[in-house]
Amino acid sequence: VTISGAGNTAIATTVADTSEAASLRVTSTATSITNEQNAIYASLTAAPASGTPSRTYNAIEGQIQTSGATSVNSNLYALFGQATLTGSSANTGNIAGGYLYAQNQASVAAASMYGLITSVQDIGSGSITTAYGVNVQNNTGTIGTNYGIFVTAQTAGTSDYGIAIQAAD
């Protein structure tokens, strides 16, 4: 199926009430041993016509909203990733549920770059009992060396900090 056209292409569906149902499901088999392959690849070139833009550009944006009290005991994730190793072949590469990085390929300096920004915000009339900017869960199973958080050597800056905590209580 090919969908093309200028502007927005929208798909509006109601998810079926069945196990693991989805509005859009992409199932692919990657067979190359020499090329990177993706089930879904999104690319966005931010090229405003003129001026100095102060907008946010996203290749992929995920948003989930609740309606009513029916989701009180539900888990809500705007983005969820899972990498699963199956089969009997040993894997000597990396397996990660998520991999994020920022990269400057320009010939100019970038003011700030972040591999990950997190924030919990209470902007409604309710409240949050406990907020976690980052919650590192317990690793489980048969593991030789276990790290909750591992920071590699920070050597690229004039001043290098493995972890910096500002105004901590």
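Heavy-atom basis, side chains included; hydrogens, waters and symmetry copies ignored.
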Student: Kindly write out the residues that satisfy side chain to side chain contact (heavy atoms under 4.5 Å, CB included) with A16, not counting sequence neighbours, or none if the list is empty.
Tutor: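 Counting only residues at least two positions away or on another chain, A16 forms a side chain to side chain contact (heavy atoms under 4.5 Å, CB included) with T18, A21.
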
Student: If hydrophobic clusters are built by linking Ile, Leu, Val, Met, Phe, Trp and Tyr wherever their side-chain heavy atoms come under 4.5 Å apart, do V134 and V151 end up in the same one?
Tutor: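 Yes: a chain of side-chain contacts under 4.5 Å links V134 to V151.
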
Student: Taking ring-ring contact (aromatic ring centres under 6.0 Å, His included) as the definition, give me every residue that meets it alongside Y132, ordered by chain and number, with sequence neighbours left out.
Tutor: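 Y132 satisfies ring-ring contact (aromatic ring centres under 6.0 Å, His included) with no residue once adjacent residues are dropped.
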
Student: Can you confirm whether Q37 is buried at CD, in the sense that more than 12 heavy atoms of other residues, nucleotides or ligands lie under 6.0 Å from that atom?
Tutor: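 Yes, CD of Q37 has more than 12 neighbouring heavy atoms, counting only those of other groups under 6.0 Å.
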
Student: Starting from I33 and following side-chain heavy-atom contacts under 4.5 Å between hydrophobic residues (I, L, V, M, F, W, Y), which residues can be reached?
Tutor: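 Via sub-4.5 Å side-chain contacts, I33 links to none.
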
Student: What are the two closest heavy atoms between A39 and V26, and how far apart are they?
Tutor: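 A39 and V26 have their closest heavy atoms at O-CG1, 3.6 Å.
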
Student: Determine whether more than 12 heavy atoms belonging to other residues, nucleotides or ligands lie under 6.0 Å from atom CG of L100.
Tutor: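 Result for CG/L100: enclosed.
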
Student: Applying ring-ring contact (aromatic ring centres under 6.0 Å, His included), name anything that partners F80, two or more places apart in sequence or on another chain.
Tutor: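 So F80 forms a ring-ring contact (aromatic ring centres under 6.0 Å, His included) with Y77.
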
Student: Quiz question: by atom type and distance under 3.5 Å, do the side chains of N135 and Q137 form a donor-acceptor pair?
Tutor: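 A pair is found: one side chain offers a donor N or O, the other an acceptor, under 3.5 Å apart.
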
Student: Can you see which heavy atom on T34 is nearest to which on S32, and at what distance?
Tutor: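 Heavy atoms only, the tightest pair is N-OG, 3.1 Å.
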
Student: Checking one residue: V15. Which other hydrophobic residues are in its cluster under the side-chain 4.5 Å linking rule?
Tutor: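 Grouped by the 4.5 Å side-chain rule, V15 forms a cluster of one, so the answer is none.
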
Student: Excluding sequence neighbours, so at least two apart, what forms side-chain hydrogen bond (donor to acceptor under 3.5 Å, both in side chains) with S23?
Tutor: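 If we apply the side-chain hydrogen bond (donor to acceptor under 3.5 Å, both in side chains) test to S23, skipping adjacent residues, the hits are T13.
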
Student: Return each pair, listed once, that meets side-chain hydrogen bond (donor to acceptor under 3.5 Å, both in side chains) where at least one residue sits in residues 38-47; pairs must be two or more places apart or across chains.
Tutor: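 As it turns out, there is no side-chain hydrogen bond (donor to acceptor under 3.5 Å, both in side chains) pair with a partner in residues 38-47 once direct neighbours are skipped.
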
Student: Sequence neighbours left out, what passes side-chain hydrogen bond (donor to acceptor under 3.5 Å, both in side chains) with N138? Give chain and number order.
Tutor: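 Counting only residues at least two positions away or on another chain, N138 forms no side-chain hydrogen bond (donor to acceptor under 3.5 Å, both in side chains).
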
Student: Pairs of donor and acceptor atoms involving the side chains of residues 101-124, under 3.5 Å and at least two apart or interchain, shall be tabulated with distances.
Tutor:
from: Q103; atom 1: OE1; to: Q105; atom 2: NE2; distance (Å): 2.6
from: N104; atom 1: OD1; to: A106; atom 2: N; distance (Å): 2.9
from: N104; atom 1: ND2; to: V108; atom 2: O; distance (Å): 3.1
from: T118; atom 1: OG1; to: G133; atom 2: O; distance (Å): 2.9
from: S119; atom 1: OG; to: Q121; atom 2: NE2; distance (Å): 3.4

Student: List, one per line, each side-chain donor-acceptor pair under 3.5 Å for residues 57-64, sequence neighbours excluded.
Tutor:
from: N58; atom 1: ND2; to: E61; atom 2: OE1; distance (Å): 3.2
from: Q63; atom 1: OE1; to: Q65; atom 2: NE2; distance (Å): 2.9

Student: Sequence neighbours excluded, which residues qualify as side-chain hydrogen bond (donor to acceptor under 3.5 Å, both in side chains) partners of T84?
Tutor: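 Listed in chain order: Q82.
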
Student: Report the residues that fulfil side-chain hydrogen bond (donor to acceptor under 3.5 Å, both in side chains) with N139, sequence neighbours left out, ordered by chain and then residue number.
Tutor: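 N139 satisfies side-chain hydrogen bond (donor to acceptor under 3.5 Å, both in side chains) with N146 once adjacent residues are dropped.
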
